[in-house]
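The next block holds one structure in the form of structure tokens; read it before the comments.
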Amino acid sequence: MSDTASPSVPGSANFPPFRYSARLAADIESRWQDKWDADGTYEAPNPAGPLADPAKVAGREKLFVLDMFPYPSGAGLHVGHPLGYIGTDVYARFNRMKGFNVLHALGYDSFGLPAEQHAITTGIHPRVNTESNIANMRRQLRRLGLGHDPRRSISTTDENFYKWTQWIFLQIHGAWYDTAQGKARRIEELVTEFESGARPTPDGRAWSALTAGERHDIVDSYRLAYLSDAPVNWCPGLGTILANEEVTAEGRSDIGNYPVFKRNMKQWMMRITAYSDRLIDDLERLDWPEPIKMMQRNWIGRSEGARVTFGSPAGGIEVFTTRPDTLFGATFLVLSPEHPLVDALTTADARAAVAAYQAEAAAKADNERQDDSKKKTGVFTGSTATNPVTGGEVPIYIADYVLMGYGTGAIMAVPSGDQRDFEFARAYNLPIKATAMPTNAWFDQQKIAPSSDCSTWPCAFTGDGEYIDSANDSLSLNGLTSISDAKTRMNEWLESHGHGQPTITYRLRDWLFSRQRYWGEPFPIVYDADGRAHAVPQQSLPVLLPELADFKPTALDPEDAVSDPIPPLARVKEWTTVTLDLGNGPQEYRREVNVMPQWAGSCWYEMRYLDPTNTDTFIDPEVEKYWMGPRSAGHTGGADLYVGGVEHAVLHLLYSRFWHKVLFDLGHVSSEEPFHRLYNQGYIQAYAFRDARGQTVPAAEVVENDGAFTWNNETVSREYGKMGKSLKNIVTPDEMYDEFGADTFRLYEMAMGPLDASRPWNTRDVIGMQRFLQRLWRNVVNEDTGELVVTNDAAPEALLRHLHRTIAGVESDMVGLRFNTVIAKLIEFNNALTQHVNSAGSTPRSLIEPVVQMLSPLCPHLAEELWARLGHNTTVTYVPFPVADPALLVEDTIEVPVQVNGKVRGRITIAPGADEAAHLEAAMAIDNVAVALEGKTIVKNVVIPGRTVNIVVK
RNA sequence: GCCCGAGUGGCGGAAUGGCAGACGCGACGGACUCAAAAUCCGUUAUUCGAAAGGAUGUGUGGGUUCAAGUCCCACCUCGGGCACCA
């Protein structure tokens with residue numbers, strides 16, 4: 001480009017010296033960015049603590065605007081990344097002009113697997129890598145002109161940050177969930193209950209009669225952060241275990257797509273299940289997109305049912321069912337192959353078959369079990385159990401379609417009413433007994449004659465029907481038609497006869513919280529000589545991550561399901577062993593060598609923005625209350641707006657809600673939820689192109705001709721999807737800055753479509769936004785001389801009205817985050833203004849100043865520059881947003897469409913307040929309407945004054 | 001299989017049940033220019049018509065209504081979530 005002599009290039013001979021070009025934009029932008037930094041323009045005052053400035057806080061409403069913070073990967077940003085950041089920036093800037101004290105900041109989620117995986121592939125220490133990545137992202141984002149308070153930026157890898165991550169871990173570790181009060185309480189209060197005898201010990205002995213070790217173990221079993229030796233998701237490819245949320249439906253790792261195996265390991269868990277109900281119920285009080293709420297509800301998976309105990313030779317077998325009302329139809333039991341009673345139930349005859357089946361099931365990964373979903377397999381244990389309502393003996397099977405991890409790991413099979421049980425019963429010739437009479441419609445559909453004899457049925461009947469054959473001496477459901485009535489009666493009977501009770505089961509599992517990696521927060525935990533865990537005293541925080549030359553985990557074969565992981569920290573002898581005085585004199589302890597998962601820092605980072613430099617506490621309560629406290633009774637509190645992608649629906653967004661609730665219960669925060677309003681921005685997608693061999697070719701070099709695409713004269717095929725290095729379709733913000741400038745880039749991203757919709761990137765379209773800014777610029781500055789073309793001349797009435805209509809529309813669209821229509825309205829007005837300027841030769845100040853103000857949230861640099869050129873010497877950032885004059889919103893005349901039988905035949909121009917008769921009279925006067933009415937009879941006249949006239953004829 | 005969300009010009013997208021296609025891109029025509037680029041002005045859903053004007057038109061088929069892109073029912077396609085969860 002630079003070698004052409006074209007006058008269209010800035011700096012060339014004929015190019016207007018003061019045209020708003022990329023070069024001029026770059027100059028304007030860097031000048032204002034420096035000034036904002038120097039002036040601290042976006043610093044938000046706190047009511048208390050180190051960043052306090054009470055005078056500036058007084059008399060202003062607050063607004064906490066938040067983005068999902070990025071993890072600083074080495075690839076840098078592409079144009080898709082800043083979409084949400086620009087959106088929040090526009091919203092934040094708009095609200096600053098509306099008088100709010102706006103807090104907007106951005107930090108970095110710099111611990112975790114992605115950073116560490118990247119470090120391993122490059123061989124550079126994650127800290128070095130992370131810091132240079134952060135520096136690069138900061139540079140790219142600064143160039144965008146985001147109005148962040150730079151004092152409040154944090155990195156989760158900073159010692160001063162993760163000190164408090166560890167502190168919060170200790171709060172959770174130091175708490176237990178009191179189900180009676182429905183909240184977490186301090187562990188000391190639990191000990192008090194044990195000491196006083198108010199709470200009995202597990203085996204009934206007096207608390208004082210227990211050894212110190214026994215007491216320690218009992219208390220540990222109550223903690224919200226606890227050690228568990230249970231089946232975990234082991235991913236040898238990553239060298240670590242993973243949370244359920246990090247494993248895909250295919251049984252592979254979310255990151256890297258490595259196989260994941262179930263195996264037992266001793267690991268830290270977070271008792272998130274204690275909060276299942278509150279996590280579901282409080283969704284009602286959040287302003288979140290319904291799909292996200294749905295995903296969280298599904299993930300927690302609350303289902304109401306009953307536990308029913310069946311007698312057996314090995315004792316009571318407890319099953320969970322959502323349909324206790326079908327108990328009369330339970331004709332066999334199925335246990336998970338891992339169920340603890342299987343051994344005791346297996347008879348000598350069945351032993352070999354059972355053992356073989358168990359071994360086969362154990363060898364399968366979860367996903368393989370699910371792959372065989374069509375075929376039902378299982379083995380008879382040789383024993384039978386007693387159905388508590390019928391007293392009949394039912395055979396006990398094991399089958400791998402029953403999962404140990406859900407409910408009780410045992411089910412009662414009702415083949416007449418459950419398709420899986422039906423298939424199993426047919427496969428193993430087990431009895432099928434109907435407890436509900438199917439409808440005639442169902443029989444018709446199955447093409448069989450109505451009969452309660454299930455032998456003729458081709459499948460289970462899962463609908464509602466009248467209860468039959470459901471009675472014993474003390475209970476009858478026969479004749480009932482309501483499932484809920486039948487459930488209630490059955491539950492009452494079960495409870496009064498001691499055979500079971502209503503219960504609620506959740507799909508949600510406790511959160512597996514340790515990782516066998518290096519790049520994470522060390523646990524503030526040490527072990528004594530007996531292997532019991534102790535909290536590191538608060539004054540010893542942070543527990544620093546030791547600098548390791550070799551930070552790589554021991555390399556393992558991704559398919560190796562049996563080798564034990566060796567966390568990198570275990571290799572640092574001088575770090576793992578520590579002498580501490582935990583109350584009984586200096587002793588030697590062994591440090592926990594696992595680290596916390598990626599999600600730990602993101603569970604609370606938003607609060608540290610509020611009080612980033614506080615060294616006494618993670619956040620001053622007064623500061624928390626100001627920015628995040630409930631706005632009214634029943635309000636959850638939390639950030640006022642949280643914008644991010646949908647991908648964190650059940651990971652970050654669930655974990656952080658859980659931590660926040662624990663902190664709330666313990667009295668550390670006044671808000672019940674971290675994020676009151678959530679908004680999911682869409683993704684910027686891109687086209688990728690492949691040649692005949694299927695190789696991607698550089699998208700920027702592809703030429704379109706009449707719908708066909710060629711690259712180097714070779715036909716290529718187009719596909720639509722993500723932007724990615726391997727797809728050779730990355731467009732970077734830096735390219736946009738060079739070609740158009742940051743303001744044009746920001747404007748384009750906001751104009752492409754609604755913020756919550758995904759849309760394809762088209763560099764070709766960006767020019768339209770640049771043209772708009774150029775036209776706007778010309779309405780203020782003469783391109784050739786640089787002189788102001790603005791005068792104090794009176795504005796034409798029509799344009800003034802148009803301006804105020806625009807102000808009103810822009811205002812409501814800004815509030816609703818509809819920035820695309822904000823931009824359309826501004827362009828529309830500016831186009832009208834341009835026509836006037838072209839004929840009048842100058843721009844009325846009263847018309848252009850409000851436009852500059854309205855533009856400033858979207859294009860802050862250009863707006864500052866124009867505002868300054870218009871003669872103002874303060875930043876436009878805090879200038880009040882224009883207010884529409886209601887008098888100017890009322891039009892002298894309006895145009896109303898006239899329809900005949902719903903078809904528009906003409907328009908009338910009429911005063912806004914005109915009555916129905918006036919509308920009708922004007923409508924009838926239109927020639928075209930008269931023609932349409934000719935020879936017809938008027939049946940009805942519909943007149944909505946100011947809206948429409950519809951004449952209905954026959 | 002179950003549960004969400006979405007289908008509007010050549011493209012991105014606008015439309016409190018009341019003039020479908022705002023705004024932008026592209027395309028076409030014009031001005032400026034020796035010429036081109038850039039910029040500016042105009043046209044641009046399809047179709048019949050010289051024009052005035054008419055007909056058709058928001059995935060498909062029905063329905064409600066004076067009036068439907070918008071509300072209801074069924075279906076099709078695409079995107080997403082969950083999935084042997086008892």
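These figures come from a predicted structure and were not determined experimentally. Proteins come first, then strands; the chains are lettered A, B, ... in the order of their sequence lines, and each starts at number 1.
Distance CD (A:Q899) to C1' (B:C19): 8 Å, rounded to an integer number of Å. One atom, CZ of A:R420, and another, P of B:C84, lie 9 Å apart when rounded to the nearest Å. Going from atom CD of A:Q681 over to atom P of B:G5 covers 20 Å, rounded to whole Å.
B:G7 and B:A15 have their P atoms separated by 12 Å, with the value rounded to a whole Å. With P as the reference atom, B:U33 and B:G26 are 24 Å apart, rounded to whole Å.
In this structure, B:G1 and B:C82 make a Watson-Crick or G-U wobble pair, each of the two defining distances being under 3.5 angstrom. Both distances falling under 3.5 Å, in either a Watson-Crick or a G-U wobble arrangement, place B:C23 opposite B:G12. The partner of B:U39, taking Watson-Crick or G-U wobble pairs whose two distances both stay under 3.5 Å, is B:A31. Remark: B:G57 base-pairs with no nucleotide in the shown strands. Criterion, Watson-Crick or G-U wobble with two distances under 3.5 Å. The nucleotide B:U64 finds no pairing partner, because no Watson-Crick or G-U wobble arrangement with both distances shorter than 3.5 Å includes it.
The distance from the NZ atom of A:K293 to the CD1 atom of A:I280 is 13.0 Å, given to the nearest 0.5 Å.
Using cut-offs of 30° and 60° on the angle between ring planes, the pair A:Y397 and A:F424 is perpendicular.
Near RNA chain B, meaning a heavy atom under 4.0 Å from it, residues 828-843 of chain A has A:E828, A:N831, A:Q835 in order of number. Residues of residues 806-814 of chain A that place a heavy atom closer than 4.0 Å to RNA chain B do not occur.
Nearest to the side-chain atoms of A:L403 among the listed nucleotides B:C19, B:C11, B:A86 stands B:A86. Listed nucleotides: B:U56, B:C66, B:G24. Nearest to the side chain of A:V952: B:C66.
A salt bridge does not link A:E811 with A:K825: every distance from a Lys NZ or Arg NE/NH1/NH2 to an Asp or Glu carboxylate oxygen is 4.0 Å or more.
A close approach under 4.0 Å does not occur between any side-chain nitrogen or oxygen of A:Y748 and OP1 or OP2 of B:G24.
For A:N950 and B:C66, a side-chain-to-base donor-acceptor distance below 3.5 Å is present, hydrogens and geometry of angles not being considered.
Nearer the 5' end of RNA chain B, as judged by each residue's closest nucleotide, is the contact made by A:N762, out of A:N762 and A:M412.
Listed by first and then second residue, the ring-ring contact (aromatic ring centres under 6.0 Å, His included) pairs involving residues 935-954 of chain A amount to none (not counting sequence neighbours).
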